[in-house]
Amino acid sequence: MKTDPFARDRLPPPEQQPEYLFDLPGLQFPPRLNCATELLDRWVERGQGDRPCILGPGLRWTYAELQAQANRIARVLVEDMGLEPGHRVLLRGANSPMMAACWFAVVKAGGIVVGTMPLLRARELQPLIEKAQVGLALCDVELAAELEAARAQAPVLRRVLHYGGELERLAAAKPPTFENVDTALDDTCLIAFTSGTTGVPKGTMHFHRDVMAACACWPAHVLRPTADDVFIGSPPLAFTFGLGGLLVFPLAVGASTVLIGKASPDALLPAIGAYRATVMFTAPTSYRAMATQVSQHDLSSLRKCVSAGEALPAATRQLWKQATGIEIIDGIGATEMFHIFISADEAHARPGATGYVVPGYRAAVLDDEGRELPPGQVGRLAVKGPTGCRYLDDPRQSHYVKNGWNLTGDAYLVGADGQFEYQARTDDMIVSGGYNIAGPEVEGALLLHPAVAECGVVGQADEARGQIVKAYVVLRPEHEGDAAMVRTLQDFVKQTIAPYKYPREIEFRASLPRTETGKLQRFKLRAA
Ligand code: 3UK
């Protein structure tokens, strides 16, 4: 069968790729591997086809039903659209059962999924389409307009099929069987774009092997879900945090997953009770927002809560535990690494620490010359494991990968107990009057004050000190952002952490700029 060599031709050369580790027993893969076969068809083959798989509004698909729908769509792609292995297929839509079926259809057919965040506009979609040379898109009909506008600027995109109508009709005419394409373990099945804030978007390439390797590491050793778990959460499937947590990891253990498009704190809380969800994935700010409303909802089914995307403040961990009794499982992951590589389970969680290196990975804290630092010293986080950074045709590969290590851009230290403690993004460290101050530490202190709903702390240029610590604060409803509140919060920080770290300026805001994945956009605050 013909395979489009596009992805293989644009991999970083071997010497620019990270070192890979495959020592774990769960990481021995056969040379031919299609992750859709392993995650989906395998269950039906083993007689588990009647188990619940995908849950959504008024809908419950078993493994056999998801397989049948994915097979029909795969036939549409191959028989009607002329899809060949290695072709890139863009997916656009909120999380939904059809999005999951489309994901598996593309991977079954040997195609490469190009995930896109639902809120992206035409001007943001166009460069992704061009970078990945996408010829075909599957798009929720509700989100068609911006993609149509992008297509006018990016003629490489030849065909858009809309689901929520057209695609379902074409699929219904097909038999529910499909023979998955026999892909190699190192064929690319996913191009995930980073949530990078500036410049040309970076596409990260992931192999069928990477998807299976991710399942064998953090979920198997830290999350430890069972086939009876019901997953739920907010991150879009276009974000690898969501793809892992809400699709690939549940299916790897034969569990079920709730795919709802709107998963804001207000929507998530009632959905947990309605679906009797047991495992939740969301971002720190979402836990903080939900904590105050917990008492009005039935969360009795919930047993595990995962936080990632940005640092989990100790205050948020504590609020959630007080409200629900559940100790959050924090974990740092990255689009480049596919998923979480440092984390601690409920029993080992320590406030202020992300956790231990996940089995299958190695991590170290390096100085600027790449030498390993002893515990207690702040440096650059470096990691290697079965997954790693492969940018699609991008000179920035050599920024992320050095001497075989993946450098995530985070400043960390290792504590006496071996847990890794997040400090800041390396370029977010504030240098004020000769002191290094980590913005997130000041945020953590502010969040302990009951008047503070949300906050963001950045360095602001200052003649005398080089930079000063500046805090942007969103207050809880019943509080006034006046001069007295500024002093109250400043004094509070001075009494909570070393006084020199206190915010010399505080500005009150109605909201803070965030990405679709829940990350605070510090660069926007710095530009303010
Ligand atoms: C930051 C964290 C402290 C950190 C992601 C889980 O966030 C994910 O991927 P992105 O590419 O961003 C990566 C960067 O985000 N970060 C993420 N988690 C934490 N910082 N504590 C955390 N727990 O700066 C990292 O370098 O958007 C997270 C799984 C898959 C993912 N893609």
Side-chain angles (χ1 to χ4, degrees), residues 6-7 35-36 39 54 70 73 77 83 86-122 124-140 142-144 146-147 150 154 157 160-163 167 187-196 201-208 210-211 214 233-249 251 257 259 261 263 281 308-309 333-339 387 389-392 515-519:
F6 174 88
C35 67
L39 294 168
I54 307 280
I73 299 170
L77 298 178
L83 184 87
H87 280 173
R88 282 76 56 212
V89 181
L90 183 145
L91 300 187
R92 173 168 169 83
N95 289 358
S96 71
M98 266 304 275
M99 170 64 83
C102 289
W103 195 92
F104 277 105
V106 173
V107 176
K108 278 169 160 276
I112 299 175
V113 169
V114 179
T116 60
M117 299 296 243
L119 292 182
L120 294 188
R121 301 275 185 191
E124 297 156 306
L125 288 164
Q126 184 223 329
L128 309 187
I129 293 164
E130 276 170 357
K131 180 91 206 200
Q133 291 286 294
V134 174
L136 172 64
L138 306 179
C139 176
D140 187 331
E142 311 255 317
L143 300 180
E146 291 289 336
L147 187 59
L157 178 56
V160 178
L161 279 181
H162 294 134
Y163 61 88
L167 179 57
D187 279 336
T188 295
C189 65
L190 174 72
I191 297 175
F193 282 94
T194 65
S195 49
K202 286 179 274 198
T204 65
M205 304 164 89
H206 300 280
F207 300 159
H208 288 268
D210 298 320
V211 175
S234 64
L237 297 183
F239 181 27
T240 59
F241 180 39
L243 179 64
L246 300 177
L247 190 60
V248 166
F249 298 163
L251 269 64
T257 180
L259 294 175
F281 285 72
T335 306
E336 288 83 352
M337 304 302 297
F338 190 79
H339 221 271
T387 60
C389 177
R390 299 176 207 108
Y391 288 137
L392 168 68
T515 64
E516 214 177 333
T517 58
K519 281 192 220 298

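Since this is a predicted model, take the numbers as computed values, not measurements.
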Exercise for the section: First locate atom CE of Met98, then atom CD1 of Ile54, and finally report the distance between them rounded to the nearest 0.5 Å. Expected result: 12.0 Å
Fill in the blank from the handout: CZ (Phe239) and OG1 (Thr335) are apart, to the nearest 0.5 Å, by 5.5 Å
Practice task
Just say parallel, tilted or perpendicular for the rings of His339 and Phe241, cut-offs at 30° and 60°.
Solution key: tilted
Handout entry: Flag side-chain contact, heavy atom, 4.5 Å: Leu90 against Leu157
Key = no
Problem - CG-NE2 distance between Leu77 and His87, expressed to the nearest 0.5 angstrom - result: 11.5 Å
Practice task
Please name the pair of heavy atoms, one in Ala100 and one in Leu259, separated by the smallest distance, quoted to 0.1 Å.
Solution key: CB-CD1, 3.7 Å
Handout entry: Atom CD of Glu142 with >12 non-hydrogen neighbours under 6.0 angstrom
Key = no
Under 3.5 Å donor-acceptor pairs involving side-chain atoms of residues 106-119, not counting sequence neighbours:
unit_1 : atom_1 : unit_2 : atom_2 : d
Lys108 : NZ     : Asp41  : OD1    : 2.7
Lys108 : NZ     : Asp41  : OD2    : 3.2
Lys108 : NZ     : Asn71  : OD1    : 2.7
Lys108 : NZ     : Asn180 : OD1    : 3.1
Thr116 : OG1    : Leu91  : O      : 2.8

Problem - Leu39 vs Val211, side-chain contact (heavy atoms from CB on, under 4.5 Å): CA-CA, chis, key distance, verdict - result: CA-CA 10 Å; Leu39 294 168; Val211 175; 4.0 Å; yes
Exercise for the section: Using a 4.5 Å cut-off on heavy atoms from C-beta on, say whether the side chain of Asn95 contacts that of Leu247. Expected result: no
Problem - Pair His206-Leu243, side-chain contact (heavy atoms from CB on, under 4.5 Å): steps then yes or no - result: CA-CA 12 Å; His206 300 280; Leu243 179 64; over 6 Å; no
Practice task
List the atom of Glu146, the atom of Arg121, and the distance in Å for their closest heavy-atom pair.
Solution key: OE2-NH1, 3.1 Å
Exercise for the section: Of all the heavy-atom pairs spanning Ala144 and His162, show the shortest one and how long it is. Expected result: CB-NE2, 3.5 Å
Handout entry: Cys139 side, atom SG; Met99 side, atom CE - distance, nearest 0.5 Å
Key = 8.5 Å
Fill in the blank from the handout: Taken to the nearest 0.5 Å, the spacing of Asp210 CG from Cys35 SG works out to 9.5 Å
Problem - Nearest heavy-atom neighbours spanning Gly233 and Leu246 - result: N-CD2, 3.6 Å
Practice task
Check the pair Phe104, Leu251 against side-chain contact (heavy atoms from CB on, under 4.5 Å), reporting the backbone distance first and the verdict last.
Solution key: CA-CA 11 Å; Phe104 277 105; Leu251 269 64; 3.6 Å; yes
Completion exercise
Asp140 meets the salt bridge (Lys or Arg N to Asp or Glu O under 4.0 Å) criterion, sequence neighbours left out, with none
Problem - Euclidean distance, Tyr163 OH relative to Ile73 CD1, rounded to 0.5 Å - result: 9.5 Å
Practice task
Using modelled atom types only, decide if a donor and an acceptor are shared between the side chain of Lys131 and the backbone of Lys202 within a distance under 3.5 Å.
Solution key: no
Exercise for the section: Could you walk me through whether Phe193 and Thr204 pass side-chain contact (heavy atoms from CB on, under 4.5 Å), step by step? Expected result: CA-CA 6 Å; Phe193 282 94; Thr204 65; over 6 Å; no
Exercise for the section: State, yes or no, whether a side-chain contact exists between Pro235 and Thr517 at a heavy-atom distance under 4.5 Å. Expected result: no
Exercise for the section: Check whether any side-chain heavy atom of Leu128 sits under 4.5 Å from a side-chain heavy atom of Val134, and report yes or no. Expected result: no
Handout entry: Least distance between heavy atoms, Arg88 atom then Gly86 atom
Key = NH1-O, 2.9 Å
Exercise for the section: Check salt bridge (Lys or Arg N to Asp or Glu O under 4.0 Å) between Arg92 and all other residues, then give those that pass, not counting sequence neighbours. Expected result: none
Exercise for the section: Kindly indicate whether the side chain of Leu392, heavy atoms from C-beta on, has any atom under 4.5 Å from the side chain of Phe6. Expected result: yes
Fill in the blank from the handout: Heavy-atom nearest pair, Leu143 first then Ala94, reads CD1-N, 4.1 Å
